[in-house]
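Every chain is numbered from 1 and lettered A, B, ... according to where its sequence line falls, protein lines coming before strand lines.
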Amino acid sequence: MGNSSLQIIADNVSVIASPTTWIEGGAIQQLQTTAKLPGMRRVVGMPDLHPGRGYPVGAAFFSIGRFYPALIGGDIGCGMRFLKTDLTIGKLSLDKLVKRLGNIDAPLTEHSDFWQERVDAYQMRDTGFERSLGSIGGGNHFAELQQFDEIYDRAVFDSHALDRQQVMLLVHSGSRGFGGQILRQHIDHFGHVGLLAGSSAAAAYWSQHARALQYAEANRSLIAERICANLSTTADVVVDVHHNFLSEVCIDGEHGFLHRKGATPADPGLLIIPGSRGDYSYLVQALDTEYSSISLFSLAHGAGRKWMRSECEPRLSKRFTATQLSRTALNSRVVCHDKALIFEEAPEAYKPIDTVIHSLLEAGLIRLVAKLKPLVSYKTSGACCV
DNA sequence: ATGTTC
């Protein structure tokens with residue numbers, strides 16, 4: 001059966017992307033280089049594939065006999081938490097939402113006894129990074145209030161007790177400095193050669209990796225709690241998934257290691273694939289098809305960068321002021337008081353989400369459930385500018 | 001990505 005969204009690059013290298021999806025040549029090159037690592041069986045790029053530091057982002061890698069912590073990267077456990085709040089969109093003004101959201105950057109541990117207790121509940125003091133819990137971080141991390149724009153599958157939508165009028169909250173963050181420290185210590189000791197399955201070093205990484213996944217989820221949970229408190233609402237988790245992590249799996253009869261780097265696991269239930277801050281997000285379900293194995297049971301984790309961070313400000317500052325970039329084409333608000341991030345995370349720097357979603361649809365990997373539009377995208381209230 | 005990099 002033909003599939004125009006399946007690009008076979010080499011024996012064990014493929015990319016899930018329609019011909020109209022922008023894929024940087026350098027990212028394909030990184031994918032091919034990674035495919036040649038000892039023990040690597042198969043690699044696949046998602047439609048949001050883009051170049052990373054040595055290894056591509058938006059990809060999954062399946063290896064036998066050894067695994068590669070560097071492929072997971074430093075933000076072990078980075079992922080998305082999607083919640084439905086008790087707020088209804090009816091009489092909300094965006095300016096009021098922004099004001100009530102306030103500043104959620106300061107360490108939660110210094111906020112109050114109440115928050116210290118909430119943080120304590122997650123038992124992360126031994127990580128040494130307790131101070132970062134409950135704050136978003138930098139880069140592409142964000143928290144976004146959204147509203148439903150279109151429902152495609154009413155039955156699935158209803159079965160998850162969703163309501164078109166409810167404000168949704170999406171939190172994208174990870175293990176902050178903790179995961180980074182784990183990777184750095186690993187690279188200092190072992191470089192990039194990977195770890196042999198069953199070795200004591202492998203066992204040590206597994207336990208650190210597991211702890212980083214816990215930290216990342218605790219972080220997303222505390223960010224959501226904090227936002228809900230500021231908005232005087234509560235929220236129920238619809239889905240929380242990591243998109244940077246390692247797992248042991250059996251694929252086509254072979255037992256091995258599945259590395260996901262910016263790749264959402266195609267698990268049952270609802271999954272969220274966000275666009276840039278000026279674009280829609282899609283609520284989807286993964287489908288089990290003949291291409292599931294080729295796609296290494298993974299989906300895109302977002303739109304994917306189109307431009308390198310360093311080229312954003314030069315390209316955009318001529319066309320837009322930072323203040324103009326605090327509103328988007330979908331009329332949402334952007335809270336980002338970091339001059340560099342305003343440009344680096346501009347919608348123009350990302351692929352259009354529709355090309356990414358179209359690729360996954362054409363490959364038969366997803367079913368659409370709903371589309372959401374951004375209301376407020378929160379990056380940082382930190383120092384500087386605007 | 002990062003209580004910010006050899």
Side-chain angles (χ1 to χ4, degrees), chain A residues 27 30 48-59 68-81 103-111 115-116 119 122 124-143 171-192 208-209 211-213 215-220 222-223 226 242-246 259-264 274 276-277 301-305 307-310 312 336-345 349-350 378-384:
Chain A
Q30 288 184 333
D48 55 337
L49 183 74
H50 63 91
R53 289 207 57 170
Y55 308 103
V57 181
Y68 297 87
L71 285 182
I72 305 302
D75 197 1
I76 303 162
C78 185
M80 302 284 176
R81 188 178 188 85
N103 183 330
I104 53 171
D105 300 325
L108 210 42
T109 46
E110 292 170 6
H111 209 272
W115 283 112
Q116 182 62 60
V119 172
Y122 290 92
M124 291 289 155
R125 192 166 291 187
D126 63 298
T127 64
F129 288 85
E130 214 193 22
R131 278 171 55 84
S132 298
L133 283 169
S135 62
I136 290 167
N140 60 357
H141 291 169
F142 64 84
V171 177
H172 177 206
S173 193
S175 55
R176 308 297 305 278
F178 180 46
Q181 183 186 72
I182 291 169
L183 178 66
R184 194 177 68 250
Q185 287 173 354
H186 167 81
I187 296 294
D188 286 349
H189 282 264
F190 303 101
H192 290 252
Q208 292 176 308
H209 169 273
R211 193 75 178 126
L213 296 190
Y215 180 103
E217 187 172 349
N219 187 34
R220 290 190 290 271
L222 283 163
I223 292 165
R226 185 179 201 176
H242 308 296
H243 49 230
N244 292 354
F245 70 108
L246 183 67
H259 312 65
R260 287 188 177 95
K261 172 63 171 180
T264 297
S276 71
R277 71 188 186 205
H301 77 311
R305 293 198 75 82
W307 297 348
M308 284 191 311
R309 291 186 177 278
S310 57
C312 297
C336 182
H337 294 216
D338 176 321
K339 180 109 196 256
L341 264 190
I342 290 172
F343 292 105
E344 289 175 11
E345 294 295 314
Y350 282 83
Y378 185 99
K379 300 291 286 185
T380 174
S381 294
C384 172

Check: Can you tell me how far C1' of B:dT2 sits from CD1 of A:Ile76, to the nearest Å?
Finding: 13 Å

Margin query: Considering every strand and a 4.0 Å limit on heavy-atom distances, what is the contact class for A:Arg176: base, sugar-phosphate, or nothing?
Written below: sugar-phosphate

Item checked: Whole-Å gap separating P (B:dT2) and CG (A:Leu133) -> 12 Å

Check: Does the pair A:Arg176/A:Glu130 count as a salt bridge with the N-to-O cut at 4.0 Å?
Finding: no

Check: Which part of the nucleic acid, if any, lies within contact of A:Gly128, taking any heavy atom under 4.0 Å across all strands shown: a base, the sugar-phosphate backbone alone, or nothing?
Finding: base

Next item on the list: Take the protein atom CG of A:Leu341 and the nucleotide atom C1' of B:dT4, then report the distance between them rounded to whole Å.
Entry: 13 Å

Checklist line | Closest heavy-atom pair and its distance - A:Gly174, A:Asp75 | finding: CA-OD1, 3.3 Å

Next item on the list: Report which part of the nucleic acid A:Gly137 touches: base, sugar-phosphate, or nothing (heavy-atom distance under 4.0 Å, all strands).
Entry: sugar-phosphate

Notebook entry, point to check: Side chains of A:Asp338 and A:Thr380: do they bring a donor and an acceptor to under 3.5 Å?
Noted result: no

Check: Rounding to a whole Å, what distance do you find between A:Arg131:CZ and B:dT2:P?
Finding: 15 Å

Notebook entry, point to check: Quick one: A:Tyr215 OH to B:dT2 C1', roughly how many Å, whole number?
Noted result: 11 Å

Next item on the list: Starting at atom CG of A:Asp75, determine the distance to atom C1' of B:dT5, rounded to an integer number of angstrom.
Entry: 16 Å

Next item on the list: In whole angstrom, give the distance that lies between atom CD of A:Glu344 and atom P of B:dT2.
Entry: 12 Å

Next item on the list: Just call it for A:Gly138: base, sugar-phosphate, or nothing, with non-hydrogen atoms closer than 4.0 Å on any strand.
Entry: sugar-phosphate

Note to self: Whole angstroms only, please: what is the CG-P distance between A:Asp188 and B:dT5?
What the structure shows: 13 Å

Checklist line | Under 3.5 Å side-chain donor-acceptor pair for A:Tyr55 and A:His192 | finding: yes

